[in-house]
Novice: 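Below you'll find the structure I mean.
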Amino acid sequence: MEYVDPIKDIESINAIKEMLKKQSQRDLLLFVFGINTGIRVSDLLSLKVGDIRDQNGIKEFLYLQDSNGQKAYYINNRIHLELEAYLKDHDFKEEDFLFKSKKNDQAITRQQAYRIIHNAAKEVGIPGKIGMHTLRKTFGYHAYRKGIAISILMETYHHHSPSETLKYIGINKGEKRLVKVDVNL
């Protein structure tokens with residue numbers, strides 16, 4: 001697997017969202033879901049509609065099983081909005097893949113997902129190596145920048161040291177970081 005970079009610039013992220021919105025709501029949802037949860041590409045592509053929706057609507061948390069047990073991923077407002085837009089335009093059954101191919105009833109392939117993200121990044125002029133793993137790294141980079149503890153990210157990525165996680169998400173050890181501790185009671 002080739003090394004890829006996180007997308008550090010918010011304007012670039014927004015440019016990709018705009019480009020994907022014009023292209024396909026499914027593709028936009030794929031991008032938004034990935035950068036807001038840090039879910040592995042294999043887990044993202046295997047999601048079924050029933051994983052994210054129940055009789056009450058879109059779930060607050062997505063639960064996935066991994067080698068360390070069950071992990072909960074928060075479905076934030078941004079994902080929620082894109083899910084609503086996507087689901088209202090399609091007549092999905094609970095057992096349908098969320099990121100369904102336009103050709104058949106299967107999920108899109110890893111290669112197709114890569115092409116969607118890679119081409120969108122190239123289209124908006126993002127330099128560097130961009131692929132599906134970029135979504136996971138972008139999540140970690142921005143979560144860390146917004147004050148999420150490195151220990152939480154280490155657990156998310158199953159890393160053994162803070163330095164491993166910092167390197168993974170593209171943070172240089174010497175980089176100065178201001179964190180807003182805004183309790184705002």
Side-chain angles (χ1 to χ4, degrees), residues 2-45 47 52-53 57-62 73-90 98-100 102 107-150 152-153 156-157 165-172 175-182 184:
E2 195 172 321
Y3 176 84
V4 296
D5 300 313
I7 303 169
K8 296 180 178 181
D9 179 45
I10 296 292
E11 282 132 23
S12 296
I13 290 171
N14 289 333
I16 289 177
K17 286 184 196 175
E18 283 302 312
M19 209 276 302
L20 289 174
K21 187 175 192 115
K22 293 175 190 164
Q23 180 175 306
S24 158
Q25 184 64 35
R26 180 201 66 192
D27 297 352
L28 173 61
L29 177 62
L30 176 70
F31 181 71
V32 168
F33 217 118
I35 65 172
N36 281 281
T37 60
I39 294 174
R40 288 184 175 108
V41 62
S42 57
D43 292 331
L44 202 53
L45 296 180
L47 288 178
I52 53 94
R53 181 174 72 183
I58 296 171
K59 297 176 181 178
E60 184 177 16
F61 286 91
L62 165 68
Y73 295 91
Y74 179 59
I75 299 176
N76 69 15
N77 289 338
R78 175 64 62 197
I79 299 169
H80 206 276
L81 287 170
E82 301 308 340
L83 271 169
E84 283 179 342
Y86 180 56
L87 294 173
K88 81 175 171 67
D89 289 341
H90 297 83
L98 185 61
F99 300 106
K100 193 166 143 179
K102 293 172 182 163
I108 60 174
T109 63
R110 289 177 73 99
Q111 293 80 9
Q112 180 61 18
Y114 167 82
R115 279 192 293 273
I116 290 165
I117 300 307
H118 183 78
N119 292 343
K122 283 242 183 282
E123 182 86 19
V124 300
I126 295 175
K129 297 180 190 235
I130 304 294
M132 278 306 293
H133 214 63
T134 293
L135 306 183
R136 193 162 155 81
K137 290 183 174 193
T138 299
F139 161 78
Y141 176 84
H142 289 282
Y144 180 74
R145 285 283 181 215
K146 290 185 177 192
I148 299 299
I150 196 68
I152 293 171
L153 294 172
T156 298
Y157 297 127
T165 301
L166 289 170
K167 181 179 177 188
Y168 180 79
I169 62 176
I171 302 284
N172 298 326
E175 210 171 309
K176 200 77 169 145
R177 175 176 160 243
L178 296 175
V179 177
K180 292 181 183 177
V181 180
D182 186 10
N184 207 11

Novice: Would you call Ile16 and Ile117 a side-chain contact if the rule is heavy atoms closer than 4.5 Å?
Specialist: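 Contact flag for Ile16/Ile117 side chains = no.
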Novice: Just so I know, are the side chains of Leu28 and Gln25 near enough to count as touching, which here means a heavy-atom distance under 4.5 Å?
Specialist: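 Result yes, sub-4.5 Å side-chain heavy-atom pair found.
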Novice: I need the Thr134 OG1 to Tyr141 OH distance, nearest 0.5 Å.
Specialist: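 The distance works out to 14.0 Å.
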Novice: Taking atom NZ of Lys21 as the centre, report whether more than 12 heavy atoms of other residues, nucleotides or ligands fall under 6.0 Å from it.
Specialist: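 At most 12 heavy atoms, drawn from other residues, nucleotides or ligands, come within 6.0 Å of this atom.
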Novice: Hey, does Ile130 have a side-chain heavy atom less than 4.5 Å from the side chain of Lys122?
Specialist: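 SC-SC contact between Lys122 and Ile130 ruled out.
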Novice: How long is the span from the CD atom in Glu82 to the CG atom in Leu20, to the nearest 0.5 Å?
Specialist: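 Those atoms lie 10.0 Å apart.
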Novice: Nearest 0.5 Å, what's the CG-OG1 distance between Leu135 and Thr138?
Specialist: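 One gets 6.5 Å once the value is rounded to the nearest 0.5 Å.
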Novice: Can you tell me how far CD of Glu18 sits from CD of Gln23, rounded to the nearest 0.5 angstrom?
Specialist: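 Gln23 atom CD to Glu18 atom CD measures 13.0 Å (nearest 0.5 Å).
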Novice: Atom CD of residue position Glu84 - does it have more than 12 heavy atoms of other residues, nucleotides or ligands inside 6.0 Å?
Specialist: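 Yes - once you tally the heavy atoms of other residues, nucleotides and ligands closer than 6.0 Å, there are more than 12.
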Novice: So for atom CG, which belongs to Asp89, do other residues, nucleotides or ligands contribute more than 12 heavy atoms lying within a distance under 6.0 Å?
Specialist: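 Enclosed.
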Novice: Only one of His118, Gln111, Gln112 passes side-chain hydrogen bond (donor to acceptor under 3.5 Å, both in side chains) with Arg115; say which it is.
Specialist: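 Considering His118, Gln111, Gln112, a side-chain hydrogen bond (donor to acceptor under 3.5 Å, both in side chains) with Arg115 is found only for Gln112.
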Novice: Using the test side chain to side chain contact (heavy atoms under 4.5 Å, CB included), find all partners of Thr165 that sit at least two apart in sequence or belong to another chain.
Specialist: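 Counting only residues at least two positions away or on another chain, Thr165 forms a side chain to side chain contact (heavy atoms under 4.5 Å, CB included) with Ile150, Leu153, Met154, Tyr157, His159.
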Novice: Could you report the tightest heavy-atom contact between Ile7 and Ser12, atom names first, then the distance?
Specialist: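 Minimum heavy-atom separation between Ile7 and Ser12: CG2-CB, 3.9 Å.
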Novice: Is it true that a side-chain atom of Lys88 and a backbone atom of Leu83 form a donor plus acceptor pair closer than 3.5 Å?
Specialist: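 Answer holds: no.
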Novice: Any side-chain heavy atom of Ile116 within less than 4.5 Å of one from Arg26?
Specialist: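 Answer yes - side chains close enough.
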Novice: Nearest heavy-atom pair of Gly131 and Val4: which atoms, and what distance?
Specialist: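 Scanning both residues, the minimum pair turns out to be N-CG1, 3.8 Å.
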Novice: Measure across Gly128 and Asp5 and return the closest heavy-atom pair with its distance rounded to 0.1 Å.
Specialist: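 In terms of heavy atoms, the two residues are closest at CA-OD2, 3.7 Å.
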Novice: Please examine the side chains of Phe139 and Ile169, heavy atoms only from C-beta on, and report whether any two atoms are closer than 4.5 Å.
Specialist: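 Ile169 vs Phe139: side chains apart.
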Novice: Test side chain to side chain contact (heavy atoms under 4.5 Å, CB included) on Leu98 and Leu87 and set out the steps.
Specialist: CA-CA 9 Å; Leu98 185 61; Leu87 294 173; 4.3 Å; yes
Novice: Using a 4.5 Å cut-off on heavy atoms from C-beta on, say whether the side chain of Pro6 contacts that of Arg136.
Specialist: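 No, side chains not in contact.
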Novice: Can I get a per-line list of side-chain donor-acceptor pairs under 3.5 Å for residues 30-41, giving both atom names and the distance, sequence neighbours left out?
Specialist:
| residue | atom | partner | partner atom | Å |
| --- | --- | --- | --- | --- |
| Asn36 | OD1 | Asn76 | ND2 | 2.9 |
| Asn36 | ND2 | Val32 | O | 2.8 |
| Thr37 | OG1 | Phe33 | O | 2.6 |
| Thr37 | OG1 | Ile39 | N | 3.3 |

Novice: So which atom in Leu62 and which in Ile52 form the shortest heavy-atom distance, rounded to 0.1 Å?
Specialist: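 In terms of heavy atoms, the two residues are closest at CD1-CG2, 4.1 Å.
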Novice: Start with the C-alpha distance between His133 and Tyr168, add both sets of side-chain angles, then the distance that settles ring-ring contact (aromatic ring centres under 6.0 Å, His included), and finish with yes or no.
Specialist: CA-CA 11 Å; His133 214 63; Tyr168 180 79; 5.5 Å; yes
Novice: Looking at Tyr3 and Lys167, what are the two nearest heavy atoms and their distance?
Specialist: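 That closest heavy-atom pairing would be OH-O, 4.2 Å.
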Novice: Tell me, please, which residues at least two apart from His142 pass ring-ring contact (aromatic ring centres under 6.0 Å, His included).
Specialist: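 His142 satisfies ring-ring contact (aromatic ring centres under 6.0 Å, His included) with no other residue.
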Novice: Please report the shortest heavy-atom distance between Ile75 and Lys59, naming the atom on each side.
Specialist: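 Here Ile75 and Lys59 meet closest at CD1-O, 3.4 Å.
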Novice: Nearest 0.5 Å, what's the OG-CZ distance between Ser42 and Arg110?
Specialist: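 That separation rounds to 5.5 Å.
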